[in-house]
Chemist: 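Below: one structure in structure tokens.
The first residue of the sequence shown is numbered 1, and numbering continues consecutively from there. Owing to the predicted nature of the structure, the values given are computational and were not obtained by experimental measurement. Note: hydrogens, waters and symmetry copies are ignored here, and every other heavy atom, side chains too, is used.
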Amino acid sequence: MSQKITGVKGMNDILPGDVEVWQHVERTTRELFSLFGYGEVRTPMVEDTALFVRSVGETTDIVGKEMYTFEDKGGRSLSLRPEGTAPAARAYIEHSVANQEPVTRWFYMGPMFRYERMKTGRYRQFHQIGAEGYGSKEPAQDVEMMDMVVQLLLKLGLTDVSLNINSLGDDACRPAYQTRLVEHLRAHASELCSDCQVRLEKNPLRVLDCKNERCQQIASAAPNILESLCEPCRAHFAEVQRKLDALEIKYVVNPRIMRGLDYYTRTTFEFIAAHPVLGTASTVGGGGRYDKLVKSLGGPDVPAVGFGLGLDRLCLLLKESGQQFGRATDLFIAVADEGSADAGFTLTSRLRREGFRVEFDTRGGSLKSQMKRADKVGAVFTLVLGEAERQSGQAQLKRMAGGDPTPVRLDELAQTLRTALKAH
Ligand SMILES: [Zn+2]
Ligand SMILES: [Zn+2]
């Protein structure tokens, strides 16, 4: 016997039965985001490693530990994308989009890759829905992004999610804050985890969202970034809150929302779900403003704001909600004898062309086994075709849930079925 080959750890198959939930989320997203004027962008799964080193940041866990990096046959260092913002920015710059329009609204969906420790809702191939808005530095653009996520969660029926917002300041005020933060952290340096000892020197803000318990205690006593904002940053953040209020979007101001990436400036936000199925992976998405990123990647000086949502986690929550997705089988056509197999097969195809979801057992077999199959696929109606039905051109349309069968002329089956399904 041949050795069985299994899938790669942390990379999941999504089979029919589950995929309907995914399709529902994807369809809902596409419909809703188009209402906001966002166009879908599709970038490759693989990028030049330097793109992520320069944008996400060398000292982040993502670039430092979690990237799938490899050399191709031409000796280039390539990486599977660990996130979607940097590839979108790369495409935005490469196609000179800024020259064609002052404001650009893009969204994307697809798999991302990080070599992470696995937990519920956290996988090595994970899926994200993200959006980016380029060209506006105004608070309205930040709030439009948050509104879009809020509307999506509402449409999906996920109401138990809270929006947390923060501001990380900018070049004018963050350095002074960082100095005060480092002073506080230095006093506790020996108690920090080994990762944070390094962060303390290279990127002290990241200590604030370390998951280590002792680090969190030290962080909770650290100076509050919101008290260090300069006047323009303070005004920007106040306006974000005023606009959220105007849209009646509930939120919590949380000075610990750092996001795990180096490129954020000013507004950052996270959507946190309180559901046991997610365990510690309770953040379903988040984002923020990154006014310097496009320029730092060699593009024009264009401000931007974006977010990413974890599709895996959204689907987990949606499955828990007990909603049903996917379309039921309208009709199962069974054949009573081998001589009717051709007629059954042809009738099935004809009805599918009319837009019905019809199932037919291509293996034939006993009527009993076919009816079992009809039950298994959850068909709403069944129709048995035998010699008598073929001769008379009449058959019985039977509701699987019970009740008297309806006599139907085979040449009028489509109309009768349509009416019967409407009544169903
Ligand atoms: Zn730590
Ligand atoms: Zn500032």
Side-chain angles (χ1 to χ4, degrees), residues 1-8 11-28 127 157 277 312 315-424:
M1 208 168 63
S2 302
Q3 181 81 38
K4 193 168 68 181
I5 298 171
T6 56
V8 177
M11 305 202 180
N12 301 322
D13 302 311
I14 306 164
L15 305 182
D18 278 337
V19 87
E20 289 78 7
V21 178
W22 289 72
Q23 290 169 336
H24 173 74
V25 176
E26 290 161 1
R27 203 165 37 236
T28 307
H127 301 76
V277 72
D312 305 81
C315 290
L316 266 175
L317 284 172
L318 220 57
K319 268 176 73 178
E320 284 293 305
S321 75
Q323 301 175 60
Q324 287 296 312
F325 303 102
R327 181 175 166 180
T329 299
D330 297 325
L331 176 68
F332 189 97
I333 294 179
V335 290
D337 50 68
E338 227 169 283
S340 301
D342 271 353
F345 187 62
T346 311
L347 184 59
T348 300
S349 174
R350 224 180 67 205
L351 288 168
R352 285 171 177 163
R353 291 174 202 193
E354 295 262 357
F356 294 101
R357 178 166 172 177
V358 186
E359 293 226 17
F360 175 79
D361 197 332
T362 52
R363 302 166 306 170
S366 73
L367 194 54
K368 196 178 156 200
S369 75
Q370 292 177 67
M371 294 318 275
K372 254 194 195 158
R373 185 80 202 131
D375 192 42
K376 186 87 201 272
V377 303
V380 180
F381 290 99
T382 55
L383 182 137
V384 178
L385 204 61
E387 206 188 331
E389 285 80 8
R390 285 189 289 129
Q391 297 286 335
S392 65
Q394 295 262 358
Q396 304 284 330
L397 191 61
K398 193 166 172 291
R399 187 185 293 276
M400 282 298 273
D404 291 334
T406 313
V408 56
R409 286 182 51 88
L410 288 176
D411 55 6
E412 289 171 358
L413 181 54
Q415 290 127 276
T416 312
L417 184 59
R418 197 163 284 130
T419 313
L421 284 166
K422 268 198 192 122
H424 170 66

Chemist: Picking from Val358, Val377, Asp375, what satisfies side-chain contact (heavy atoms from CB on, under 4.5 Å) with Phe332?
Modeler: Val377
Chemist: Report yes if some heavy atom in the side chain of Asp337 is under 4.5 Å from a heavy atom in the side chain of Arg390; otherwise report no.
Modeler: yes
Chemist: What do you reckon, is CZ of Phe325 surrounded by more than 12 foreign heavy atoms closer than 6.0 Å?
Modeler: yes
Chemist: If I compare all heavy atoms of Phe360 with all of Ala341, which pair ends up nearest, and what's the gap?
Modeler: CZ-O, 3.7 Å
Chemist: So, taking the atom named CG in Asp330 and the one named CZ in Arg357, what distance separates them when rounded to the nearest 0.5 Å?
Modeler: 8.0 Å
Chemist: Please work out whether the ring planes of Trp22 and His127 are parallel, tilted or perpendicular, with thresholds of 30° and 60°.
Modeler: perpendicular
Chemist: Starting at CZ of Phe381, measure out to CG of Leu413 and round the result to the nearest 0.5 Å.
Modeler: 10.5 Å
Chemist: Say whether, by atom type as modelled, one donor and one acceptor occur between the side chain of Thr419 and the main chain of Gln415 under 3.5 angstrom.
Modeler: yes
Chemist: Identify the heavy atoms of Ala328 and Val380 that sit nearest to each other, and give their distance.
Modeler: CB-CG2, 4.3 Å
Chemist: Report yes or no: do Ser369 and Arg373 form a side-chain donor-acceptor pair below 3.5 Å?
Modeler: no
Chemist: Mind listing the closest non-hydrogen atom pair of Glu20 and Pro16 along with its distance?
Modeler: OE1-C, 3.9 Å
Chemist: Measure from the side-chain N and O atoms of Gln370 to the backbone N and O of Val335, and report whether any donor-acceptor pair falls under 3.5 Å.
Modeler: yes
Chemist: Verify the neighbour count for atom CD of Glu320: are there more than 12 heavy atoms of other residues, nucleotides or ligands below 6.0 Å?
Modeler: yes
Chemist: I want to check something: taking the side chain as every heavy atom from C-beta on, are Leu316 and Asp312 in contact at a cut-off of under 4.5 Å?
Modeler: no
Chemist: More than 12 heavy atoms of other residues, nucleotides or ligands under 6.0 Å from CD of Gln324: yes or no?
Modeler: no
Chemist: Could you measure the distance from the CD atom of Glu389 to the CG atom of Leu410? Nearest 0.5 Å is fine.
Modeler: 7.5 Å
Chemist: Identify the two heavy atoms, one from Asp411 and one from Arg350, that lie closest to each other, and give their separation to 0.1 Å.
Modeler: CA-NH2, 4.4 Å
Chemist: Near Arg327 CZ, under 6.0 Å, is it more than 12 heavy atoms from other residues, nucleotides or ligands?
Modeler: yes
Chemist: CZ/Arg352 to CD/Glu359 distance, rounded to the nearest 0.5 angstrom?
Modeler: 7.0 Å
Chemist: Hey, does the side chain of Gln396 reach the backbone of Val384 with a donor-acceptor pair shorter than 3.5 angstrom?
Modeler: no
Chemist: Might you point out which heavy atoms bring Gly386 and Ala336 nearest each other, and give the distance in Å?
Modeler: CA-CB, 3.9 Å
Chemist: Should the heavy atoms of other residues, nucleotides or ligands under 6.0 Å from CG of Asn12 be counted, would the total exceed 12?
Modeler: yes
Chemist: Quick one: closest heavy-atom pair of Thr382 and Ala374, and the distance?
Modeler: CG2-CB, 3.7 Å
Chemist: Decide side chain to side chain contact (heavy atoms under 4.5 Å, CB included) for Ile333 and Leu351; before the verdict, give the C-alpha distance in whole Å, the side-chain angles of both, and the deciding distance to 0.1 Å.
Modeler: CA-CA 10 Å; Ile333 294 179; Leu351 288 168; 3.9 Å; yes
Chemist: Answer yes or no: is there a side-chain heavy-atom contact under 4.5 Å between Leu331 and Leu421?
Modeler: no
